[in-house]
Amino acid sequence: MPSDPGTAARRNLERARRSVQQIHQAAVRHRDASLHELADEISEIAMMLGHDAGPVQEWRPCPVCGAQPGSHCIKLPGHQIVDGTHPERTRL
């Protein structure tokens, strides 16, 4: 019986997400913003192709509070935090 092509596609998508996460982790470790930009570009392309890029907010600097990649957002007057993150940080 042939394997389900949907299973293989889901497995490959998960591999791609892990790879993008590893790029972001390396960017945090080496403090290399260009690696974050490359990972973001890969995520944007995946989204244009109709794939979920996975969670990206923890791997990007926050435009509201300036939290660095890998760091949590901090509360600021007039800005809402949802699930520990400013919503602006989650947008590609």
Side-chain angles (χ1 to χ4, degrees):
M1 176 182 244
S3 63
D4 176 18
T7 300
R10 286 187 295 277
R11 192 175 321 123
N12 287 334
L13 182 58
E14 187 55 38
R15 282 181 54 210
R17 285 182 187 155
R18 279 195 311 270
S19 296
V20 168
Q21 184 178 25
Q22 289 173 348
I23 294 168
H24 280 302
Q25 288 169 342
V28 170
R29 187 171 47 253
H30 298 289
R31 297 176 188 234
D32 186 342
S34 67
L35 289 175
H36 284 297
E37 291 169 11
L38 290 170
D40 285 347
E41 186 174 339
I42 292 168
S43 296
E44 287 176 23
I45 292 167
M47 288 175 59
M48 285 189 286
L49 294 172
H51 301 288
D52 178 13
V56 296
Q57 61 273 13
E58 62 195 63
W59 302 112
R60 60 180 56 236
C62 181
V64 174
C65 69
Q68 292 301 305
S71 300
H72 297 287
C73 286
I74 57 172
K75 291 182 181 180
L76 291 175
H79 293 278
Q80 182 182 13
I81 290 185
V82 178
D83 295 327
T85 304
H86 290 108
E88 294 87 347
R89 192 173 188 179
T90 64
R91 297 185 191 113
L92 279 176

For the pair E14 and R17, find out whether any cationic side-chain nitrogen is under 4.0 Å from an anionic carboxylate oxygen.
yes
Rounded at 0.5 Å granularity, tell me how far NE2 in H51 sits from OG in S43.
12.5 Å
Interatomic spacing from NE2 in H36 to CD in Q25 - rounded to 0.5 Å
10.5 Å
Calculate, to the nearest 0.5 Å, the distance between atoms NE2 and NZ belonging to H86 and K75 respectively.
10.0 Å
Return the minimal non-hydrogen interatomic distance between P87 and Q80, and the atom names on each side.
CD-O, 3.3 Å
Report the distance from atom CZ of R29 to atom CG of L35, rounding to the nearest 0.5 Å.
9.5 Å
Sub-4.5 Å side-chain heavy-atom contact between R89 and C73:
yes
Heavy-atom side-chain proximity of I81 to I74 below 4.5 angstrom
no
Is any side-chain N of the basic residue among D4 and R10 closer than 4.0 Å to the acidic one's carboxylate O?
yes
Would you kindly confirm whether L13 and V20 end up in one hydrophobic cluster when ILVMFWY residues are joined by side chain heavy atoms under 4.5 Å apart?
no
Within a strict 4.5 Å, meaning less than it, do heavy atoms of the H72 and T85 side chains meet?
no
Looking only at the side chains, is there a donor atom on one of D32 and S34 sitting less than 3.5 Å from an acceptor on the other?
yes
Do H24 and D40 come close enough that some side-chain heavy atom pair is under 4.5 Å?
yes
For a 4.5 angstrom cut-off between non-hydrogen side-chain atoms, does C62 reach E88?
no
